[in-house]
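The structure under discussion appears below in the form of structure tokens.
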Amino acid sequence: MSKASVVETQPLVDRASWKALQKHMETVRNVHLRTLFAEDPGRAERFSLEALGLYFDYSKNRITNETLRLLLAVAEESGVRERMEAMFSGEKINVTEDRAVLHVALRAPRNASILVDGKNVVPEVHEVLDRMAAFANQLRDAKWLGFTGKPIRNVVNIGIGGSDLGPVMAYEALRHYSKREMTFRFVSNVDATDFVESTHDLNPEETLFIISSKTFTTLETMTNAHTARKWILDKLRDEKAIARHFVAVSTNAEGVSKFGIDTANMFGFWDWVGGRYSMDSAIGLSTMIAIGPDQFHQMLAGFHAMDEHFRTAPFEKNLPVLMGLVTIWYNNFFGAQTVAVLPYDQYLKRFPAYLQQLTMESNGKHVTLRGDHVRYETGPIFWGEPGTNGQHSFYQMIHQGTKLIPCDLIGFCRSLNPLGEHQDLLIANVFAQAEALAFGKTPEQVKAEGTPDWLVPHRTFEGNRPTNTILAERLTPDILGKLVALYEHSVFTQGAIWSIDSFDQWGVELGKVLAKKIVPELQSAQEPKLEHDSSTNTLIRRYRKFKASS
Ligand code: G6Q
């Protein structure tokens, strides 16, 4: 049995540290953050950490020194360190797919050595990065010409899930650093509207499609890729145009070549890169074209710095470990169902969507590595919107609802678009929200404001709502890399404690086969013999009826 799997022989709920935490919970359950802060003037300092340019304030959490000590003991006893070492050394910790998990190799420096089945994979990683850079520079310098001799000005990434969310999030996040003369679009949905709306104002002669698909078999991506092919050929009317207007990012050379893309225009990656961990691989080609190879490398350096921090910092000073432990605390001991991620930066508008896949596809599992049904809650629901917009909608529930919703507030001290007092107003809201959520407003305070008695309960805020505040100087490629890696490794920490496989996605695989059975039933000329349940059969018949009448 490998080192990585030894640690799950004792179920989580039977571990001594877990039981101690359960007992400790009783003493903390009703303690208010007002009391914790009032009793300890040094609290903000003690429960905060600065590393790699990120300031992580976790003092507004319902924890004491003892909570932290016990949570750290859970991490130790659950073998987080052993699993981390197993991951970094290329062990096949994705046990259900029998694969290594080495997104950390994608951002390892050129001279590093990381072995998979005895082979150092870092040189291959850099070989692909170099090819990507050469290609990106050609496009950025208007040297890659379309079939009719016009420079490519539009880049459309076609991919879905892990082959879309990273690229679109990174493009939006780093748009400030992008080449503004070029247009970037991202098509993912099999709904034709996505393709049509993304291309309606583009000239095929100036447009390059990147078909991003690890497997090169995904229904949505292949459908959109064929539509794109037709869109190009309808205008350019020559198969030879494909070579100038399509490149592929995939592990499936055969599939790429069958589609008609020259494998010379293919950028590869490896089975040890999970889709949701692939934005640093060739899947990031659109990002590299947008921001240029140098800034892409700065982003990779940010990822790598967080990898090293995760691997080497003691757990009590380890950002991802602390963040993961806080998540576990609310998820498993307070019954919190969700975590809200609230970036106070418009450029991070797709960050919550990206994190939804990272966190929920990784830790939305109900069996342990051994295949036993878990006896505890696993991954929470992640969701969110950029601030301050959310404040005018769903924050009501966070402040005064009956559900406990821990929040991550993310802010930057310097705006990329300094304009009047916008930034001060933005950041004042970050601090004010965290303060209000923690301390609330007592009935006495509300009364003292002259509120009539009957209105007092409505205007009272209980507080004791936990938040983490993450503050950095400025949103840069390097900081983005650090932020994403912070969440990646926090997810890892949680998954290791829950003894689940954070790197498979059987639920997603199911979706890839389900619809295939129904498609012919929607398309057949003859009335098909339907053998689903009565609900599905009726829905299919109804669709066929409307389709026939149109
Ligand atoms: C990610 C998942 C999933 C995957 C997509 C696209 O971890 O596996 O989101 O990225 O289904 O798959 P392809 O890249 O193979 O098209």
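A side-chain contact (heavy atoms from CB on, under 4.5 Å) with Phe47 holds for exactly one of Leu36, Ile63, Val326, Asn468; it is Ile63. Of the candidates Leu486, Thr493, Val491, Leu49, Leu486 is the only one forming a side-chain contact (heavy atoms from CB on, under 4.5 Å) with Met323.
Side-chain contact of Asn429 with Thr388: a donor-acceptor pair under 3.5 Å is absent, judged by distance alone. Under 3.5 Å, the side chains of Asp57 and Ser59 contain a donor-acceptor pair of N or O atoms. Side chains of Thr64 and Thr67: a donor-acceptor N/O pair is present below 3.5 angstrom, by distance only.
Atom CD of Glu45 sits in a sparse spot, with 12 or fewer heavy atoms from other residues, nucleotides or ligands closer than 6.0 Å.
Ring-plane geometry between Trp383 and Phe394 is classed as perpendicular, the angle between the planes exceeding 60 degrees on a 0 to 90 degree scale with a lower cut at 30. Between Phe56 and Tyr58, the angle of the ring planes stays under 30°, which puts this pair in the parallel group of the 30/60° scheme. The aromatic rings of Trp270 and Trp272 lie parallel to each other, their planes meeting at an angle below 30°, with 60° marking the opposite boundary. By the 30° and 60° cut-offs, the orientation of the rings of His489 relative to Phe310 is parallel. Using cut-offs of 30° and 60° for the angle between ring planes, the Phe351 and Tyr354 rings count as parallel.
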I would like to know whether Gln400 and Tyr395 meet side-chain hydrogen bond (donor to acceptor under 3.5 Å, both in side chains); could you show each step before the answer? CA-CA 8 Å; Gln400 288 190 308; Tyr395 277 42; over 6 Å; no

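Rounding to the nearest 0.5 Å places OG of Ser362 at 10.5 Å from CZ of Phe382.
A salt bridge is defined here as a Lys NZ or Arg NE, NH1 or NH2 lying under 4.0 Å from an Asp or Glu carboxylate O, and Arg15 with Glu77 fails to meet this definition.
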